[in-house]
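The first residue of the sequence shown is numbered 1, and numbering continues consecutively from there. Keep in mind that the numbers below use all heavy atoms, side chains included, and drop hydrogens, waters and symmetry copies. Everything quoted here is computed from the prediction, not taken from an experiment.
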Amino acid sequence: MNIKAVLLGVVLGVSIPPVMAESDLDAAIEYRQGVFTAMEWNLGPLAAMAQGRVAFDAEEFAQRSERLVFLSHLTGEGFTDPASGRSSHVETRASWQIWEAKSRFDNLMSEMQVRLMTLNEAASQGQGREQLRPLLGRVAQSCKACHDKFRD
């Protein structure tokens with residue numbers, strides 16, 4: 001066997017796992033960013049309806065709040081690996097404190113999920129803008145609490 005082939009095999013064998021690991025970390029960051037982007041996509045119109053900036057549509061409100069409940073249960077998957085807090089390829093605003101205070105982070109995420117379920121239940125029961133507005137405000141408070149503590 002040729003020495004160049006052996007050296008190439010050693011170099012590739014040593015360098016591929018870190019590259020793969022980095023791409024896994026990038027994937028985790030991109031995954032959670034994608035979920036939060038989808039949440040923002042649905043939350044924005046709810047806020048506009050609750051604030052009276054657009055016409056209130058009860059069916060759309062219920063549908064979007066249902067999506068938010070579903071999406072909120074996907075977020076945790078993107079925060080399982082502490083190494084995904086940073087990447088050299090994908091920017092993230094997730095703070096290292098998420099993994100230092102994981103139970104607090106998980107509690108805040110659970111609180112958001114409960115508030116979203118409450119909002120969705122009220123929307124599904126046909127409650128109007130005035131009844132849904134404070135519930136949506138509590139969801140926004142949950143988002144802010146987590147962002148204040150765990151976002152750089």
message: Go through it in stages, so that I can follow the logic: the residues are Gln97 and Lys149, the test is side-chain contact (heavy atoms from CB on, under 4.5 Å), and I'd like the CA-CA distance, side-chain angles, deciding distance and then a yes or no.
response: CA-CA 8 Å; Gln97 293 178 16; Lys149 178 128 179 91; 4.2 Å; yes
Side-chain donor-acceptor pair present, Arg151, Ser95, cut-off under 3.5 Å: no
task: Decide yes or no for Phe36 and Leu71: does some side-chain heavy atom of the first lie under 4.5 Å from some side-chain heavy atom of the second?
output: no
statement: Shortest non-hydrogen pair, Pro45 vs Glu60, comes out as CB-OE2, 4.1 Å
statement: Paired with Ser142, the side chain to side chain donor-acceptor pair (under 3.5 Å) test is passed by just one of His147, Gln113, Arg115, namely Arg115
- prompt: Looking only at atom types and distance, does a side-chain atom of Asn120 sit under 3.5 Å from a main-chain N or O of Leu116, one as donor and one as acceptor?
  reply: no
message: For Leu68, run the side-chain contact (heavy atoms from CB on, under 4.5 Å) check against Asn42, Val139, Leu136 and tell me which one passes.
response: Asn42
- prompt: For Leu74 and Tyr31, which heavy atoms make the closest approach, and how far apart are they?
  reply: O-OH, 3.0 Å
query: If only atom types and distance count, is the side chain of Gln131 paired as donor or acceptor with the main-chain N or O of Gly128 below 3.5 Å?
result: yes
task: Applying side-chain contact (heavy atoms from CB on, under 4.5 Å), run through Met49 and Arg133 and close with a yes or a no.
output: CA-CA 9 Å; Met49 281 189 257; Arg133 185 176 177 152; over 6 Å; no
message: Is there a path of hydrophobic side-chain contacts, each under 4.5 Å between heavy atoms of I/L/V/M/F/W/Y residues, joining Ile29 to Val35?
response: no
message: Minimum heavy-atom separation for Ala94 and Asp152, please, with both atom names.
response: O-OD2, 3.8 Å
Heavy-atom side-chain contact between Met39 and Met112 under 4.5 Å: yes
- request: Find out whether Leu132 and Phe56 are in side-chain contact, i.e. whether some heavy atom of one side chain is under 4.5 Å from a heavy atom of the other.
  value: yes
query: How far apart are the closest heavy atoms of Ala123 and Ser65, and which atoms are they?
result: CB-OG, 3.8 Å
query: With side chains defined as the heavy atoms from C-beta onward, is the minimum distance between Thr92 and Gln33 less than 4.5 Å?
result: yes
query: Thr75 versus Met109: any side-chain heavy-atom pair under 4.5 Å?
result: yes
- request: Output, in order, the C-alpha distance, side-chain angles, deciding distance and verdict of side-chain contact (heavy atoms from CB on, under 4.5 Å) for Trp41 and Arg64.
  value: CA-CA 9 Å; Trp41 177 265; Arg64 288 183 180 278; 3.9 Å; yes
message: For Gln127, is the CD atom crowded, meaning more than 12 foreign heavy atoms sit under 6.0 Å from it?
response: yes
message: Contact between Phe79 and Trp99 at the side-chain level, heavy atoms closer than 4.5 Å - yes or no?
response: yes
message: Side chains of Arg32 and Glu77, heavy atoms from C-beta outward: is any pair under 4.5 Å?
response: no
